[in-house]
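All ligand and atom numbering here is 1-based and tracks the order in the structure.
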Amino acid sequence: MPAEPILSLKQVTKRFGGLTVADQVSFDVPQGSRMALIGPNGAGKTTLFNLMSGVYPLNGGSIWLEGRQIDGLPSRQRIGAGLSRSFQNIRLMPHLSVIENVMLGQHAQASGLGDLMTPILWQRAGRWRQMAIERLEAAGIHVHPDAEVSSLPYGVRKKIEVVRALMSRPRLLMLDEPAAGLNPRETAELSAFLKDVAAAGVTLLVVEHDMSFVHDLCERTVVLNFGKLIYNGATRSVQDDAAVREAYLGSRRVAGDGGDRAA
Ligand SMILES: Nc1ncnc2c1ncn2[C@@H]1O[C@H](COP(=O)(O)OP(=O)(O)OP(=O)(O)O)[C@@H](O)[C@H]1O
Ligand SMILES: [Mg+2]
């Protein structure tokens with residue numbers, strides 16, 4: 001019998017005014033999988049991430065994490081339940097150091113600002129600092145932990161954001177366009193790193209326009225178009241699907257897209 005999916009969306013619906021941006025979307029993310037969520041600009045991919053992570057309430061349907069309904073929970077409790085995400089446009093704090101940014105990820109579960117800041121004030125003595133340094137090294141990020149984030153190249157900052165998202169020890173990691181703006185070498189490094197993350201037991205759900213990255217990393221793909229799910233299957237077959245070709249892959253950028261570098 002297949003394992004229970006780590007994440008289930010059931011008839012998820014979201015409207016902004018008169019615009020339906022998620023229209024009865026249902027799919028499962030299998031435990032341990034590396035799944036892509038793709039679709040044209042404006043299809044509703046980031047909105048779905050926002051619904052899963054608790055930025056917006058749903059207008060209909062439900063979201064389940066490991067069999068537990070989470071759509072009514074505040075974001076912090078969803079992180080506590082094992083979900084973590086990165087953002088499409090980098091949300092590191094540019095004037096904090098590398099280590100401070102990474103440690104903030106560990107404290108996404110903290111109960112208030114006081115909890116959040118205390119470890120930063122005491123960081124030099126803390127075991128969290130050591131753990132954060134180890135995570136950075138494991139990710140192949142060889143920068144000084146006290147370097148200010150704003151001084152670092154874009155590709156490095158993108159990777160640090162993934163490391164930060166991992167600090168809460170998620171079982172499901174959702175990444176919104178992690179390869180956007182990376183050069184081919186950085187993209188290959190990121191893919192290898194994410195395979196290691198997945199091999200360590202973290203399920204991945206990745207929004208991405210760079211189809212060579214998607215093919216390299218993700219065995220399964222779901223496709224959204226105008227808020228509707230139009231494909232759920234193997235990544236290797238996605239480009240053969242008539243509806244997907246019509247909506248997305250047949251007529252547009254398919255690989256190595258630069259994406260939005262705005263930070
Ligand atoms: N807070 C909001 N209020 C109103 N409309 C919104 C809001 N957030 C998103 N939208 C609209 O919802 C639709 C889906 O946007 P979304 O950002 O989810 O698309 P996307 O698939 O992530 O696109 P991209 O590939 O460009 O990142 C768009 O029409 C967008 O303008
Ligand atoms: Mg988006």
Side-chain angles (χ1 to χ4, degrees), residues 7 9-27 29 34-63 70-71 74-75 78 83-92 154 157-158 161-162 164-165 172-182 187 190 194 204-215 217-218 220-233 235 238-239 241 243-263:
L7 186 81
L9 274 67
K10 298 184 180 174
Q11 306 281 310
V12 167
T13 297
K14 181 66 184 174
R15 287 182 288 274
F16 289 119
L19 187 68
T20 302
V21 293
D23 193 354
Q24 303 197 50
V25 175
S26 299
F27 66 90
V29 179
R34 306 192 301 235
M35 187 179 249
L37 168 59
I38 68 171
N41 294 116
K45 304 177 300 293
T46 296
T47 300
L48 267 193
F49 269 23
N50 285 335
L51 296 171
M52 295 174 207
S53 61
V55 176
Y56 305 127
L58 310 185
N59 292 117
S62 58
I63 301 174
I70 61 163
D71 51 85
S75 294
R78 299 187 199 198
L83 178 152
S84 185
R85 71 174 289 191
S86 72
F87 290 86
Q88 182 166 359
N89 295 316
I90 287 181
R91 288 209 185 172
L92 296 176
Y154 184 80
R157 285 189 274 151
K158 292 285 279 190
E161 217 203 336
V162 176
R164 182 176 66 175
L172 173 67
L173 177 63
M174 309 192 321
L175 303 172
D176 198 348
E177 301 199 24
L182 301 187
T187 303
L190 180 67
L194 292 176
L204 299 179
L205 180 61
V206 181
V207 169
E208 189 50 65
H209 286 291
D210 180 340
M211 284 307 293
S212 44
F213 178 81
V214 167
H215 279 283
L217 182 64
C218 299
R220 296 190 68 77
T221 292
V222 289
V223 184
L224 265 191
N225 188 38
F226 291 115
K228 283 189 160 64
L229 196 83
I230 59 168
Y231 181 87
N232 181 357
T235 303
V238 68
Q239 256 146 320
D241 185 272
V244 175
R245 291 183 70 82
E246 170 82 11
Y248 185 49
L249 296 178
S251 60
R252 64 175 302 288
R253 55 187 188 175
V254 292
D257 179 83
D260 179 1
R261 284 191 82 116

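Within ligand 1, counting atoms from 1 as listed, the ones closer than 4.0 Å to a heavy atom of L19 are 29 (O). The ligand atoms of ligand 1 that sit less than 4.0 angstrom from a heavy atom of P40 are 21 (O). With ligand atoms numbered from 1 in the order given, ligand 1 contributes 25 (O) to contacts under 4.0 Å with heavy atoms of H209. Listed by number with element, the atoms of ligand 1 under 4.0 angstrom from any heavy atom of E177 are 25 (O), 27 (O). Of all atoms in ligand 1, listed by their number and element, those nearer than 4.0 Å to a heavy atom of N41 are 23 (O), 24 (P), 25 (O), 26 (O). With ligand atoms numbered from 1 in the order given, ligand 1 contributes 9 (C), 14 (C), 15 (O), 16 (P), 18 (O) to contacts under 4.0 Å with heavy atoms of T47.
No part of L48 comes within 4.0 Å of ligand 1, judged by heavy-atom distances. Heavy atoms of T46 found under 4.0 angstrom from ligand 1 belong to the backbone as well as the side chain.
Every residue two or more places apart in sequence or in another chain was checked for a salt bridge (Lys or Arg N to Asp or Glu O under 4.0 Å) with R85, and none qualifies.
Distances from ligand 1 to the non-hydrogen atoms of G17 include no value under 4.0 Å. Residue contact annotation: Y56 has a non-hydrogen atom under 4.0 Å from ligand 1.
Close N/O approach between G42 and ligand 1 is found [any backbone or side-chain N/O within under 3.5 Å]. Of the N or O atoms in G39, none lie within a sub-3.5 Å distance of an N or O in ligand 1.
By the 4.0 Å N-to-carboxylate-O rule, E161 lies too far from K158 to be salt-bridged with it.
The side chain to side chain contact (heavy atoms under 4.5 Å, CB included) test with V244 singles out one residue from T221, N225, L249, and that residue is L249.
Excluding waters, the set of protein N/O/S atoms under 2.8 Å from the Mg ion (ligand 2) reads T46 OG1, Q88 OE1.
Taken to the nearest 0.5 Å, the OH atom of Y56 stands 12.0 Å off from the CG atom of L48.
Within 6.0 Å of CZ on F87 lie more than 12 heavy atoms contributed by other residues, nucleotides or ligands.
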